[in-house]
A.B. asks: 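Provided herewith is a single structure, encoded as structure tokens, for subsequent inquiry.
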Amino acid sequence: MANPEFYRFPDSFRWGCATAAYQVEGGAREGGRGPSIWDTFSHKPGTTYNGETGDVADDHYHRYREDIQLLSDLGAKIYRLSISWPRIFPEGTGKPNQAGVDFYLRVLDELRAKNIEPFCTLFHWDLPQALQDRYKGWQSRETAKAFADYAGYIAGRLSNRVRNFFTMNEFSSFIDLGYRDGKFAPGLKLDPAELNQTRHNAVLAHGLAVQAIRANTRSGTKVGLAENYIIGTPIIESEEHIKASVLATRVLNAPYLTVIMEGQYLEQYLQQQGAAAPKFTPEDLKIISAPLDLLGINVYNPTYIRADSGPAQFAVVPLPSSYPHMASPWLNIGPEGLYWGVRHPAEIWNVKDIYVTENGCSSADTVAPDGNVYDADRVMFLRNYLINLHRAASEGFPVHGYFVWSLMDNFEWADGYNLRFGIYYVDYKTQRRIPKMSAHFYKEVIRRNSVV
Ligand code: GBH
């Protein structure tokens, strides 16, 4: 018998959208903002699709009112935005820039007027260029200290309007792609020892920032981080493969989420890295692993795991070339990731408050002659991931909110404006926003609090 209530979420569940400063704001040289490593990187020939940059992006710096209205039209109750460090400290440290703070105060006041609760990410990859020049960015502990100073300052200034803060967005993206593969700013290819130390400085920065945020904000403030951690997804849901997926999740995330949650680098990681292992003190580990109030998970592509009889006890299942993906070649479709993405941290590390801080996909969107954008593949993608999210919530795992990536098409890093992740289409010539079919879908999900 049909049961339209089957996919209903708990009444307290909250729906929203996410964006990030450099991807949407533009206004790169306005309001006293200093340059970030992404300004430098994207302006260097050959780094991004067509040489595209975030100079203008969605012009959200000037159009934030209109964009918050889009959120309101969807019925969103939460919004995840990031704060641009170089708007607050143009030189990375030193004298704060009041005009930068004022911009975010205006955004937050507009959100409050629409009854939308903000979740602020303090670092979504736009490191002040000055810190790259002065300290080689995350290669130095000095940058970790500078981050804590910035985080404490800005969280304090926003504290009467913001209850939830995430320190970092996706360690593995900005460190491994930026300092190992050279695909993201600052475009470096460090050797393993330097890389591991850089990774360590980044998790240390997170820990120092947690302390600084707590010291400077009102009581009731919640602090966490947002990570697209590697979600070990059992290829078959049998006991042996589930066990292997738990082990894999701990091991594959050793430099980031595992050390943050466990307060220790796994022995395997240290041994495997040998002389290239990071140098650290017991005090560092204590700072890194400060208990958190929130965990944000960014969920995209699956990593399937099987049990194995070798010493590791697990193996990553290679994907055949026929495996389906979205417009981004890396975005393999694995809806179960949203179930295991929630379940693993709850079971492995006893995490009590999880938000899906990003989930969404790229599509080859076009505007049809009738003016609509029929992104049927994005609707398919979201529906299937949400069914898995519902499974996690209905089994009692502590997931309390969900943010679509993204509210609107935006600067997709090295892919420039070529790949579109929005549920609103952006016509970059006119800056007009058009709700895609997926926006209509999501609005109905929110209205009914159910997968539809
Ligand atoms: C998120 O990263 C980001 O937080 C967000 O800013 C971004 O817009 C969104 O996803 C969509 O990409 O080019 O083969 O080297 C998701 C994790 C890490 C996935 C980097 C793509 C590059 C793969 N991303 N990865 S490749």
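All values reported here derive from a predicted model rather than from experimental measurement. Counting starts at 1 for both ligands and their atoms, in listed order. The figures here come from the full heavy-atom set of this structure, side chains too, leaving out hydrogens, waters and symmetry mates.
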A.B. asks: Would Arg391 pass as a cation-pi partner of Tyr339, given that its NZ or CZ must be under 6.0 Å from the six-membered ring centre and within 45 degrees of the axis?
C.D. replies: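 Yes, cation above the ring, under 6.0 Å and within 45°.
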A.B. asks: What atoms of ligand 1 come closer than 4.0 angstrom to any heavy atom of Lys183?
C.D. replies: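 Per the distance check, 14 (O), 15 (O), 26 (S).
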A.B. asks: What residues form a salt bridge (Lys or Arg N to Asp or Glu O under 4.0 Å) with Lys77, not counting sequence neighbours?
C.D. replies: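 Checked Lys77 against salt bridge (Lys or Arg N to Asp or Glu O under 4.0 Å); zero matches.
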A.B. asks: What's the shortest distance from atom 2 (O) of ligand 1 to any protein heavy atom, and which residue and atom give it?
C.D. replies: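 Going by distance alone, atom 2 (O) of ligand 1 is nearest to Glu170 OE1, 2.8 Å.
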A.B. asks: Can you report which non-hydrogen protein atom sits closest to atom 12 (O) of ligand 1, along with the distance?
C.D. replies: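 Of every protein heavy atom, Glu412 OE2, 2.5 Å lies nearest to atom 12 (O) of ligand 1.
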A.B. asks: Do the side-chain N and O atoms of Arg433 and Gln431 include a donor-acceptor pair separated by under 3.5 angstrom?
C.D. replies: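 There is such a pair between these side chains.
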A.B. asks: For Asp181, which part has a heavy atom under 4.0 Å from ligand 1: side chain, backbone, both, or neither?
C.D. replies: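 The answer is neither.
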A.B. asks: Considering distance alone, does some N or O of Asn228 sit under 3.5 Å from an N or O of ligand 1?
C.D. replies: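 No, there is no polar N/O contact under 3.5 Å.
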A.B. asks: With heavy-atom distances below 4.0 Å as the criterion, list the atoms of ligand 1 near Ser173.
C.D. replies: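 What qualifies from ligand 1 is 17 (C), 18 (C).
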A.B. asks: Please tell me whether Tyr22 and Ser42 have a donor and an acceptor in their side chains that are separated by less than 3.5 angstrom.
C.D. replies: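 Yes.
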A.B. asks: Quick test: of every protein heavy atom, which one is nearest to atom 25 (N) of ligand 1, and how far off is it to 0.1 Å?
C.D. replies: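 Atom 25 (N) of ligand 1 sits closest to the protein heavy atom Leu177 CD1, 4.2 Å.
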A.B. asks: Of all heavy-atom pairs between Tyr256 and Asp176, which one has the smallest distance, and what is that distance?
C.D. replies: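 Looks like OH-OD1, 2.7 Å.
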A.B. asks: Number the atoms of ligand 1 from 1 as they appear, then name those within less than 4.0 Å of a heavy atom of Glu358, with their elements.
C.D. replies: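 Counting atoms of ligand 1 from 1, those under 4.0 Å from Glu358 are 1 (C), 3 (C), 4 (O), 5 (C), 9 (C), 10 (O).
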A.B. asks: For Asp375, is there an ion pair with Arg420 - N to carboxylate O distance below 4.0 angstrom?
C.D. replies: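 Salt bridge absent between Arg420 and Asp375.
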A.B. asks: Purely on distance, is any nitrogen or oxygen of Asn410 under 3.5 Å from one on ligand 1?
C.D. replies: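 No.
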A.B. asks: Among protein heavy atoms, which lies nearest atom 21 (C) of ligand 1, and at what distance?
C.D. replies: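 Residue, atom and distance for the closest contact: Trp330 CE2, 3.1 Å.
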A.B. asks: For ligand 1, note which part of Leu331 has a heavy atom under 4.0 Å away: side chain, backbone, both or neither.
C.D. replies: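 For Leu331, there is no contact with ligand 1 at all, from either part.
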A.B. asks: Starting from atom 9 (C) of ligand 1, which protein heavy atom do you reach first, and at what distance in Å?
C.D. replies: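 Ranking protein heavy atoms by distance from atom 9 (C) of ligand 1, first comes Tyr300 OH, 3.5 Å.
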A.B. asks: Centroid-to-centroid, Trp15 to Phe13, below 6.0 Å?
C.D. replies: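 For Trp15 and Phe13, the ring centres are under 6.0 Å apart.
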A.B. asks: Using distance only, find each side-chain donor-acceptor pair of residues 183-195 under 3.5 Å and give its atom names and separation, not counting sequence neighbours.
C.D. replies:
from	atom 1	to	atom 2	distance (Å)
Asp191	OD1	Ala193	N	3.1
Asp191	OD1	Glu194	N	3.0
Glu194	OE1	Asp191	N	3.4

